[in-house]
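Worksheet: one structure, shown below.
Below, all heavy atoms of this structure are taken into account, side chains as well, without hydrogens, waters or symmetry copies. Residue numbers begin at 1 in each chain, while the letters A, B, ... track the order of the sequences. These figures come from a predicted structure and were not determined experimentally.
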There are 2 protein chains.
Amino acid sequence: MKKGRVTLKDIASKLKLAPSTVSRALNNHPAIGEDTKKAIKKLAEELDYQPNPMALGLLQKKSNTIGVIVPEITSHFFSAIITGIQDVIGPSEYNIMICLSNESYEEELTLVKKLSKMRVDGILVSPSSATKDFDHFRRLQNNDVPVVVFDRDCPGLEADKVLVDDYSGAYQAVEYLIRSGCTKIAHLGGPLNLSTTKHRLQGYLDALEKNKVPLRKDYIQHVKGFSHKDGIKPTKKLLELEDAPDAIFAINDNIAASAMHVAKKMGLAIPDDISIVGFDDEPHSLYFSPALSTVWQPVYSLGMLSARILLQRIKNTNSNEEFRMEVFKPELVVRASSREDSVGISD
Amino acid sequence: MKKGRVTLKDIASKLKLAPSTVSRALNNHPAIGEDTKKAIKKLAEELDYQPNPMALGLLQKKSNTIGVIVPEITSHFFSAIITGIQDVIGPSEYNIMICLSNESYEEELTLVKKLSKMRVDGILVSPSSATKDFDHFRRLQNNDVPVVVFDRDCPGLEADKVLVDDYSGAYQAVEYLIRSGCTKIAHLGGPLNLSTTKHRLQGYLDALEKNKVPLRKDYIQHVKGFSHKDGIKPTKKLLELEDAPDAIFAINDNIAASAMHVAKKMGLAIPDDISIVGFDDEPHSLYFSPALSTVWQPVYSLGMLSARILLQRIKNTNSNEEFRMEVFKPELVVRASSREDSVGISD
DNA sequence: TTGTAAGCGTTATCAA
DNA sequence: TTGATAACGCTTACAA
């Protein structure tokens with residue numbers, strides 16, 4: 001065995017042909033004799049020839065790689081989005097480089113630099129909850145690297161965007177709670193500078209106002225992160241209020257889970273004493289006791305569409321098509337952690 | 001703005017130097033004048049020069065990329081392992097390419113080919129549950145691509161391995177169930193050709209035998225996949241037996257969750273009528289009602305160690321060091337879904 | 001139809 | 001200390 005992989009030259013010299021001829025044959029170039037073409041393809045097959053992507057990349061000034069930046073992958077939410085992205089990009093000519101910012105602006109910055117250095121052909125990004133400034137993405141765009149933003153918006157950044165109508169999801173959830181007879185509805189909100197957090201909060205506020213439920217500021221608490229433990233303290237604060245809420249709309253299912261946990265520990269019955277609604281519809285939420293009412297988001301489709309848009313954008317890189325803005329509708333899933341809708345029941 | 005990125009040549013021509021000189025300056029080669037070096041570094045900084053990894057890769061015949069193949073990432077288990085891998089590889093000179101086999105042998109094969117074509121410098125792999133043959137990994141090794149296997153073993157493949165002592169985890173769990181007074185202990189096992197599945201089954205069998213609990217074959221059911229829905233039917237089969245079990249040891253927390261679900265629906269009290277123990281200690285298992293007893297695995301450390309071993313192996317690529325085999329100890333976490341250990345209580 | 005040669009960005013070798 | 005040149009594997013004018 002000679003060391004290293006089989007190259008065009010190897011095939012060429014074995015067949016006493018020029019490398020360019022071999023290249024043409026393998027790329028189905030028209031100007032080539034049928035016989036030589038066949039012979040070349042046969043030998044290439046036998047030798048298991050695989051074109052060197054680095055040589056190609058150097059030549060074409062592109063890496064055939066797409067970067068994906070997400071805050072984390074331990075939640076079902078982002079991992080399902082990534083699965084959707086993979087399922088679209090996988091069969092294409094592109095490779096995916098997945099990067100985790102760990103909800104840190106600094107790490108996100110480092111990742112963008114790394115991906116830029118790698119000459120990725122485009123990136124898909126959901127910014128960290130600490131990111132307030134989007135110049136690092138603009139720098140990519142200035143280097144002709146298309147950027148597609150998904151789930152978490154980057155306000156002010158001109159780019160393709162695939163988002164979820166968080167406002168609507170929150171509005172649906174809160175309006176449902178009101179209709180079911182809850183009057184003291186609290187909100188466990190997320191980190192404040194996230195677009196998703198803001199929109200869900202606004203949906204909450206508007207649903208209250210529209211239904212003439214007075215707003216109580218002490219019914220709004222913000223969690224510092226999205227994992228279970230981040231929900232404990234804020235929930236306690238709510239439930240220890242003199243006039244404690246009879247419903248909690250939580251920023252996601254993890255937080256809703258810890259809210260249920262705390263409520264149960266305090267001896268409250270769910271949903272009789274307090275209704276709890278989450279967001280995301282993580283698969284295991286169905287298996288909580290009581291099963292968690294939550295807002296479903298089309299995560300897999302979101303990942304797929306984002307990837308498709310990026311691929312298109314890469315293909316038509318210099319056409320000045322307008323940026324797309326796609327917004328998916330989430331849906332309230334009512335389960336057992338919230339009371340039944342009393343409006344539907346005759347009284 | 002001239003198009004394309006800044007290259008060595010650009011810097012060289014601006015400074016009226018040869019590209020090789022610029023290269024030496026930027027790589028801190030000793031044979032270079034202090035002044036030229038400074039000037040070059042300054043200009044490189046100003047122009048935001050970033051070496052082209054494809055050119056480097058072509059020259060050095062390596063991609064500076066590590067491939068990671070996992071069956072899926074929507075479970076906390078693999079996503080936490082990946083987080084550990086990222087945290088080790090991220091700060092290194094290497095990039096990571098994460099690939100999902102979706103528990104399919106064919107897709108795994110395709111991914112291996114893809115990574116091989118990319119000239120990855122090494123791969124980390126946890127085989128799909130459908131993989132019985134490991135020749136595709138051997139082919140990589142023959143191409144001098146080191147392979148590190150993690151979590152799921154590839155029996156017969158000579159490679160570095162980072163595993164978990166699944167046997168011990170299962171043994172602990174089942175012995176605990178026996179000590180707590182359960183006598184009819186069932187097992188919801190995983191897909192049969194996975195090493196983890198086999199070892200957990202063996203731990204179950206041995207714990208029964210060692211404690212003189214008679215084995216009943218109809219108490220062993222195998223699930224087809226690892227998600228919640230895969231647990232429903234097998235659980236029903238168990239609970240509909242004439243002499244139904246009073247404990248279930250499930251292959252993972254998802255399956256345990258659906259077992260709890262089914263049991264509750266059938267009117268059984270947990271753990272009074274039936275104890276249930278899972279495997280993995282997914283974060284939300286703490287929030288089930290009752291909180292799920294399970295076997296914790298050091299997932300994050302497992303990811304980190306696997307990555308470290310691969311980096312070392314890549315560094316000393318031609319040293320014929322023996323393959324390493326690291327085995328982590330899992331730990332039983334007793335919560336409320338299983339009865340208390342009656343041995344500790346005086347009678 | 002096939003071959004020759006240049007070039008993508010970088011580094012290593014050799015010469016100056 | 002610096003420069004010229006070749007090479008990594010491939011494609012593409014251009015020439016034959």
Side-chain angles (χ1 to χ4, degrees), chain A residues 2-41 43-44 47-65 93 116-121 143-144, chain B residues 2-41 43-44 47-65 93 116-121 143-144:
Chain A
K2 78 187 262 281
K3 73 178 175 186
R5 311 289 185 92
V6 182
T7 72
L8 273 189
K9 274 191 194 166
D10 297 334
I11 299 184
S13 70
K14 284 223 167 104
L15 256 33
K16 309 215 169 170
L17 288 168
S20 52
T21 310
V22 179
S23 166
R24 278 188 286 252
L26 263 17
N27 291 308
N28 294 313
H29 191 97
I32 192 145
E34 267 309 314
D35 295 351
T36 26
K37 185 164 161 181
K38 264 186 197 154
I40 289 171
K41 286 209 168 182
L43 187 61
L47 264 40
D48 191 28
Y49 166 72
Q50 298 175 322
N52 184 321
M54 267 118 51
L56 269 177
L58 186 56
L59 203 56
Q60 300 168 181
K61 290 168 183 290
K62 61 188 299 244
S63 61
N64 272 289
T65 299
E93 54 188 308
S116 162
K117 195 180 288 188
M118 282 190 60
R119 272 73 170 169
V120 289
D121 300 322
N143 272 320
D144 288 321
Chain B
K2 80 187 261 282
K3 72 178 175 185
R5 309 290 185 93
V6 182
T7 72
L8 272 189
K9 276 189 191 167
D10 296 334
I11 300 183
S13 71
K14 284 223 169 103
L15 256 34
K16 310 214 166 168
L17 288 168
S20 50
T21 310
V22 178
S23 167
R24 277 188 287 251
L26 262 19
N27 291 308
N28 294 313
H29 190 97
I32 191 143
E34 269 307 315
D35 295 350
T36 27
K37 184 165 161 181
K38 263 185 198 154
I40 289 171
K41 287 210 167 183
L43 187 61
L47 264 39
D48 191 28
Y49 166 72
Q50 297 176 324
N52 184 323
M54 268 117 52
L56 269 176
L58 185 56
L59 203 55
Q60 300 167 182
K61 289 169 184 290
K62 62 188 298 247
S63 62
N64 272 289
T65 299
E93 53 188 310
S116 162
K117 195 180 289 189
M118 281 190 60
R119 272 72 170 169
V120 289
D121 300 320
N143 272 320
D144 288 321

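Applying the 4.0 Å criterion to OP1 and OP2 of C:dT2, one finds that A:Thr36 has a side-chain N or O inside that range. Regarding contacts with the backbone of C:dT11, a side-chain N or O of B:Asn27 is found under 4.0 angstrom from either OP1 or OP2. Distances shown here put every side-chain N or O of A:Lys61 at or beyond 4.0 Å from the OP1 or OP2 atom of C:dG7. Put simply, B:Lys9 has no side-chain N or O that comes within less than 4.0 Å of OP1 or OP2 on C:dG7. Under 4.0 angstrom from either OP1 or OP2 of C:dG3 there lies at least one side-chain N or O belonging to A:Thr21.
Heavy atoms from other residues, nucleotides or ligands lying under 6.0 Å from NZ of A:Lys37 number more than 12.
A donor-acceptor contact under 3.5 Å links the side chain of A:Ser20 to the base of C:dT4. Side-chain to base pairing of A:Arg119 with C:dG9: no donor and acceptor N or O lie closer than 3.5 Å to each other.
Among the nucleotides C:dG3, D:dC10, C:dT10, the one closest to the side chain of A:Asn52 is D:dC10. For B:Thr7, whose side chain is taken as the heavy atoms from C-beta onward, the closest listed nucleotide among D:dC10, D:dA4, C:dG9 is C:dG9. Of the candidates C:dT2, D:dG3, D:dC10, the closest approach to any side-chain atom of B:Arg24 belongs to D:dG3. Counting only heavy atoms from C-beta on, B:Leu56 has its side chain closest to C:dT10 among D:dT1, D:dG3, C:dT10.
Taking each heavy atom of A:Pro19 and A:Leu8 in turn, the nearest pair found is O-CD1, 4.1 Å. Considering all non-hydrogen atoms of both residues, B:Met118 and A:Met54 come closest at O-SD, 4.4 Å.
Map B:Ala55 and B:Ile32 each onto its nearest nucleotide of DNA chain D; the residue landing nearer the 5' end is B:Ile32. In terms of position along DNA chain C, the nucleotide closest to A:Leu59 lies nearer the 5' end than the nucleotide closest to the other residue of the pair A:Leu59 and B:Ser23.
Rounded to whole Å, atom P of D:dT2 lies 14 Å from atom NZ of B:Lys38. Separating the OH atom of A:Tyr49 from the P atom of D:dT11 is a distance of 6 Å, rounded to the nearest angstrom. Atom NZ in B:Lys16 sits about 23 Å away from atom P in D:dT1, given to the nearest Å. Counting to the nearest Å, the C1' atom of D:dG3 and the NE2 atom of B:His29 are 13 Å from each other. Between B:Asn64 atom CG and C:dT11 atom C1' the separation is 14 Å, expressed in whole Å. Taking atom CD on B:Gln50 and atom P on C:dT10, their separation rounds to 11 Å, with Å as the unit. Distance CG (B:Leu58) to C1' (D:dC8): 4 Å, rounded to an integer number of Å. For A:Lys117 and C:dG9, the NZ to P distance is 17 Å, given to the nearest whole Å.
Counting any heavy atom pair closer than 4.0 Å across all strands shown, A:Lys62 reaches no nucleic acid atom. Across all strands shown, B:Leu8 has heavy atoms under 4.0 Å from base atoms, whether or not it also approaches the sugar-phosphate.
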Output, in order, the C-alpha distance, side-chain angles, deciding distance and verdict of side-chain contact (heavy atoms from CB on, under 4.5 Å) for B:Arg24 and B:Thr21.
CA-CA 5 Å; B:Arg24 277 188 287 251; B:Thr21 310; 4.0 Å; yes
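Rounding to the nearest 0.5 angstrom, the gap separating the OH atom in A:Tyr49 from the CG atom in A:Leu43 is 12.0 Å.
Using modelled atom types, no side-chain atom of A:Asn27 and backbone atom of A:His29 make a donor-acceptor pair closer than 3.5 Å.
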